[in-house]
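Structure first, commentary second.
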Amino acid sequence: MFEEIGTTEEGDLIINVGPQHPATHGVLHLVLTLNGEIIKKVEPHLGYIHRSIEKMCESLSYRQFIYVTSRMDYLSAHINNHACALIVEKGLNVEVPQRAQYIRVIMDELTRIASHELWWSAMSMDLGAFTPYFLAFREREKINEIMEETCGARLTMNYMVPGGVMTELHPDFQEKVKSFIVDFKKTLHEYDELITGNVIFQNRMKGVGYISKEDVITYGCTGPVARASGLRSDIRKIAPYDVYDKVEFDEIIETGGDCFARYQVRIKEMSQSIRIIEQLIDNIPEGDFQAKTKAVLKLPKGEFYQRVETARGELGVYIVSEGAAQPYKIKFRSPGFSNLSALDHMVRGHKIGDFIAAMGTLDLVIPDIDR
Amino acid sequence: MFLADYIKDVYGAVKSLLTGMKLTGYYFTHHKEIITEEYPNNRATLKLADRFKGEVWMPHDENNEHACTGCSSCEIACPNGSIKIVSMNVINAEGKKKKAIDQHIYRLDMCTMCGLCVEACPTDAIHMRNTFELSVFDRNHLIMRLNKPGSKIREGVE
Amino acid sequence: MTKEELKIKITEIHPEAIIDESGEWLNVSVEAAAFRSFAEQVRMDELDLDYVFCLTCVDWKTHLTMVYHLSSTTHRHNIVIKVKLDRNKPEIETICDIWRTAELHEREVFEMYGVVFLHHPDLRLLILPDDFVGYPMRKDFEDPINMIKL
Amino acid sequence: MDVNDKIQALDFPGEVLNAGSSNILMSSLDDVINWARSNSLWPLSFATSCCGIEFMHTAAAKYDFSRFGFEVARASPRQADMIIIAGTIVNKMAPVLKRLYDQMADPKYVVAMGACAISGGPFFYNTYSVVKGADHVIPVDVYVPGCPPRPEALLHGLISLQGKIKAGLTRDQIRNSAVISQ
Amino acid sequence: MFSLEGLTNFIHEWLNGHLPATFALLVEFVIVGVAAIGLFAVLGLGLVWMERKVAAVMQIRLGPNRLGPKGIFQTSADTVKLIMKEALTPSNADKFLFNLAPFIVIIVAMLILVPIAFARNFQIWDINIGVLYVTAVSSLSVIGILMAGWSSGNKYSLLGAMRSGAQIVSYELSAGLSIISIIVLTGSLKISDIVASQENGWWIFKGHIPAIIAFVIFIIAATAETNRAPFDLAEAESELTAGFHTEYGGMKFALFFLSEYINIFIVCAICATLFLGGWMPFHIGSWTAFNHIMDYIPSSIWFFGKTIFLIFVIMWFRWTFPRLRVDQLLNLEWKYLLPISMFNVLLMTLMAIMGWHF
Amino acid sequence: MNASVIIFYCIAAFILITGLLAVMGRKIFRSAIALLFSLTGIAGLYFWMDVNFIAAVQIIVYVGGIVVLIIFSIFLTQRSGEEMPKPLMKRTIFSVLAVLSGLGLTCNLINQYGFGSSSNQSAAFKADVADIGTQMLSTTEHGFVLPFELVSILLLAALIGCIVIAMKVKHEEK
Amino acid sequence: MNEISITHILFVSTALFFIGMYGLFTRRNMITMLMAVELILNSVNINFVAFNKYLYPGKLDGVFFTIFVITIAAAEAAVAIAIIINLYRSHNSIDVEDASELKY
Amino acid sequence: MGSASLIVLMCAGIAFAGGGISIALLFVKGSKNAQKGEAYECGIPTKGTSWAQFQIGYYLFALIFLLFDVELVFMYPWAVVVKQVGMMALVEILIFFFILFMGLLYAHKKGALKWM
């Protein structure tokens, strides 16, 4: 009944945010119940970019389905592909060459930096600061160039294949990555100057969108959102894959649980990614970049689950195989889906501005949620 | 002390704001930081990465010959059916009937540039090309025939 | 906890559970009627499985199977709970008051597979358009208008 | 499907156009208006998926479509001149897109960016929820292929659109001109 | 030769020499009206272009550069396009008020032009209440925004209008108080007197710390009153899509857009008049020779130079800072700016009475 | 008939018409806007009478303050888009009669009294801000320093009153 | 009719006064009644200024009275609206008839 | 110019805005469709009227603003003559400010300046 008249009896306003809204980063549709500026309820309506990827994958071969997943969470396309490659390798018991593993991890971390940069710029833009957008995209563009040279695409690379990576690294790769690292370390300082230290920004962030550790667990939040509330949830530490157990890096844990803590986690994660790349980039072993696999891959009958840490958190791929060339059932457990469910809890009683800030720090990628 | 805190607050706030303004001011006064590339004016000098996947392309040599046998590997490898091979039977010199390619139809409007077709091709007949100026006003123009009219398969390619 | 300890513990809680050790993690099959109490116990007990990281359903053409991937953030052990459901009348108790994250996941499973979660507070279509008919992730789903088979 | 006769040499799309002119005064006034319209295409900030990121790259410093005067991305369709459909349109989104398009003030233009918007692209087969091309929902003026198209490609598409507007074609003419010119 | 000084007298005399008095007056009226419209157009085109260029350079990009040198015709193209765009009225809007609101906003912006001294002896009406008149008329602009927001029949618009209502009225207080702290020194509200009082130095230099505090507060309040970022809550794009003018398109939107820039110009002009001496060249006390050299630069260039510098500062704010939240915005006013400016007025009074300023 | 007279009649008509709209409009927001125009018109009248200071005060306080407050309270207390109920016919007729008779009586009185004779005093009217300020701060016979200080007390009282009244409910809600 | 005398201004203010009266009589909504009261106060202000300007141009007392009336009007409006909102919150109506139950 | 300039500028404003809008009304033909006039709400049909009654915490600010605004009005004549009157003016305004500052402190203490 409330929905029909647009207001509830207490004079609350029901307002649609999205699907076309600058702050929803795509097509998230949220129905806000407002009392003046105060948010009483946030109700997500999904499906505006539901492309039935899971259904599609049931009719694609194990080589083919990887490319669809890069359209899922397009900001961590490499990492999605990585997860799919890993699960196929797990099913086939393929040993991936060391070189491929190194390349994969470097690519993952570059992707993570690029993704966090986009998050940083988009979040700043949600908060009304425009210049960060351009500064972050300058760095992102450098990563894109590196990617483009090696993978042949800027965003949805489709570089990982079961058994390794698709092509050899570009000769300039190492050199460019190293110079990028040098530049990026300088740039991180600029980010602090422009946004992190800014008094307006801190007031917008601190104490906003608080979520406790218990709530994080029960809402199933992952990634920076969980780590900002003190939950150790980095899959790279919990269940290391490829060469993550060989590199040294810190799992960033903050205990604030508010937007600022989430912000800090991501900013610090970028420097950790740099640290990982620095350790690997000079030590890429020689050898094959791809293991020999059959032309048609068939996973044995059974169930497989692979978890990886994307830029947004834990991505799980669950495959039920019947022994055919296509998966019988596939399920992507996307990080954004569970993070989104905590949004209502975070912003109740806050103002519209806080809601935008909280949503910015959740770093949602909607196709990842809708799949 | 309340008043001291108050003044400290104001001072800290103003300082942080000025730090931000310093950065934007730096960029405002240092025009060499501008990184814009003027696309339509720099077409002559624009160098894209060689590996950039812009569209699928079938190289033809000077005799208008290509290396496609019409084996359909690419069609099978393509995850979303953007390649269609129309084959025909030709009679070769020895008088044998042989399957050969008539049209290699490529749907650029659906292609996702994943490169699986290039990987799959046994004769290296198709490549990814780094062209990008492909905008059209009618989407039918995006359905392309890759083998040029009158082209033949190169000798010795099986 | 290791797999063995988990197995002992689970048998203690629910003796009827069928435990399969072949996979990466422990697979525990329970019947739909006992599922709810079992879920409460694994959450509360020293198993402390407080984190649902995957919740989905598999359509086996003859029946449906609910699959819950649970994890413990303190002990770092995982189990998989499987519940077999009748395909024609799939009904199962909700767990969204135990694990809040299940609320949206259950809504998704409801619209994709048609599983009805009893006592779910807000069981509506989440992703699909409001007037959508059918359960698209079921194997027999057909949509001749929109779905072009390759 | 016989595509044989549809296969054409791909020219730079803006050049094939010729606009009929009535009298000199009106046409020079029209020229001014078309010049203004073509150089001030304010896009609606509408991005559904991956192509949206490349759209953002186009807006960002390296490619900087503000050089053409396109940078005033408006969130409200009343103030926007064109929609750049950057990403997949699914069945649930289609009415929203239609409504947004309808709510825009004339004149208005549509650019379909990327394979998803042109034809459904990667999601053409075996999916029950994707619209097979945004032109099933609203008329599209320019198609920019790619998955996603790189920023230069989008700029190329926008320049082509500018060329068409400058040539003084009406909305419907623009839609059909590619066919007419053959 | 760039000075506008003699222009008014010349026109006045020429007209009176050639036409009957009533007719000459009428012609003068027409000239003033056309000049005001022309100023509006030029300011609108120029400032929007300037904003885009400033933004571009701060954001390490080029900005509009394809129409004319440095893209100076970009805004003309935008204007022609906006004029030739459909003027749309939503069907569920209050049509009368919806169409009236842009008029109100523009008329208010026009009316504030009255007392501004663009150059020496170049002023439409040197009204005896000068700055008070500006304060009064500018408080009318909130009505236009409230009207636009309410009549659109759109929830975003209404929220945006309410925000801007509260914001504009709040910041009027500290703006008023910083004006008053200068009035204490000048002893007159008349713009010409205020400018004249700065003949041997601008108030920002002569007035010591209180003048600087007042200047900073006035700049902040001016930014807030014109709904500029970081105070652009009324049209907060990421929150309320386009705020109070969500439903406005084409020329009606252009009028709001224009009035925003005109208002910026006006507050900056007032700020320049109060603190930086208006058209008064840069003079230092008794350095006669130096002052004479400065006088060679025409007064209108001084005025526009100062004003544009202040506009640049406001643009600099916009492209640096994130947006405040609505309660922080009001907090800033009521907990910081208002008490500080009240204290500042007292300080300034003490200084003025003791004669501690130069 | 000179320009000044025409302008006076225009302003007067504007004030009265918008005033009438304010009290007769059915949509409350429109009424408020009409009231606003009426008050602005009165400010225009003050400008016409050369009391610029009062005109500015009128705009600042009435238009910028009171009307905005009224608009806010309209948003708060009713659905501003809905029309208000029509007043009862009986009451309308009664009011019109009462008002018209009152108006007639008063106008008649004004006419009869005829201020015309006394209005030709030669001294020029001058309401400069400086004069107002001096008189306001003076403690002599026509000085207004006491009311000036009292105003602050009035404002304080009103402030406290408003806060007490408006905040009372807020505490109850908690 | 070449000169506007004080009488004309008084006519205007009288008319405004009775317009306000009419509003006060017919309206039953407190906010609109408040608006009518503002009209009445304004008509009084016009009188003060007119009398001052035309009858006692050497003095400023009428102007001062106007200022103080405006001040008091502002205070009155503020308090009145606070009361109205308070009333609305407890009675969910701002109709004077509904509020008449207050008199106990 | 005098006060006539107000009327001139008002007319100029009306001409400017009216001219711009009327060109569009006269020369630009818009397409018509059913959804065009509807309120824009991110592409979703809006629910109910947006002129709903509106619980909002702004009015307390407007109340306090109004009272301070009146104070501001008294400041202007005071500021003009403060140099002539001298110390007396400072004392008077000190009292005036002190009382009002009490009001501000009271409002702050009562939480009226907190956004509700």
Side-chain angles (χ1 to χ4, degrees), chain F residues 3-4 7 10 27 29 44 47-48 50 52-53 55-57 60-61 64-66 68-82 128-139 144-145 148-149 151-160 162-167 170-171 173, chain H residues 2-4 6-7 10 48-86 88-89 91-93 95-104 106-114 116:
Chain F
S4 163
I7 290 170
C10 289
K27 277 190 178 170
F29 188 87
F47 269 121
W48 182 85
D50 271 340
N52 295 342
F53 181 71
V57 171
I60 290 181
V61 176
I66 295 180
V68 172
L69 185 60
I70 286 177
I71 289 175
F72 278 176
S73 61
I74 286 172
F75 286 139
L76 200 62
T77 52
Q78 47 209 285
R79 307 204 150 177
S80 46
E82 284 171 14
D128 212 21
V129 192
D131 301 336
I132 294 173
T134 330
Q135 200 172 340
M136 193 173 79
L137 293 185
S138 78
T139 43
F144 281 85
V145 75
F148 173 63
E149 298 298 343
V151 159
S152 67
I153 297 187
L154 171 80
L155 293 177
L156 179 69
L159 190 71
I160 293 174
C162 285
I163 290 172
V164 167
I165 295 166
M167 301 288 286
K170 210 178 135 189
H171 288 298
E173 278 169 2
Chain H
S3 52
L6 297 184
I7 294 160
M10 213 183 276
T49 170
S50 48
W51 292 320
Q53 157 207 330
F54 209 67
Q55 293 279 355
I56 192 116
Y58 288 125
Y59 86 102
L60 253 180
F61 288 96
L63 276 179
I64 300 167
F65 157 73
L66 180 57
L67 301 171
F68 275 90
D69 204 20
V70 173
E71 169 240 315
L72 200 63
V73 160
F74 280 95
M75 298 275 302
Y76 278 95
W78 165 83
V80 170
V81 294
V82 67
K83 263 186 169 173
Q84 302 157 20
V85 178
M88 185 67 195
V91 174
E92 276 162 6
I93 208 68
I95 302 168
F96 192 78
F97 261 18
F98 177 74
I99 295 171
L100 276 165
F101 199 72
M102 287 296 111
L104 193 65
Y106 177 81
H108 178 60
K109 201 154 193 185
K110 275 278 177 178
L113 299 179
K114 255 199 210 104
M116 37 192 287

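Side chains are part of it too, since the values below use all heavy atoms of this structure and drop only hydrogens, waters and symmetry mates. It should be emphasised that the depicted structure is a prediction, and the values quoted were computed from it without experimental measurement. Lettering of chains follows the sequences in order, A, B, ..., and the numbering in each one begins at 1.
- Separation of atoms CG (F:L155) and CD1 (H:I64) is listed at 12.5 Å; rounding is to 0.5 Å.
- Across all non-hydrogen atoms, the minimal contact from H:F65 to F:G65 is CE2-CA, 3.9 Å.
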Take F:V164 and H:Y106 through the test side chain to side chain contact (heavy atoms under 4.5 Å, CB included) and record every step on the way to the result.
-> CA-CA 10 Å; F:V164 167; H:Y106 177 81; 3.3 Å; yes
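- Going from atom CE of H:M102 over to atom CG of F:L159 covers 12.0 Å, rounded to the nearest 0.5 Å.
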Side-chain donor-acceptor distances from residues 70-81 of chain H under 3.5 Å, at least two apart:
from: H:Y76; atom 1: OH; to: E:T135; atom 2: OG1; distance (Å): 3.3
from: H:W78; atom 1: NE1; to: H:A89; atom 2: O; distance (Å): 3.3

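- Summarising the geometry, atom CG belonging to F:L156 is positioned 13.0 Å from atom CZ belonging to H:F101; distances are rounded to the nearest 0.5 Å.
- With a 4.5 angstrom heavy-atom cutoff, F:L154 does not touch chain H via any of its atoms.
- Here H:L67 contributes atom CG and F:I163 contributes atom CD1; the two are 8.5 Å apart, rounded to the nearest 0.5 Å.
- Atom CD1 of residue H:I99 and atom CD1 of residue F:I153 lie 4.5 Å apart, to the nearest 0.5 angstrom.
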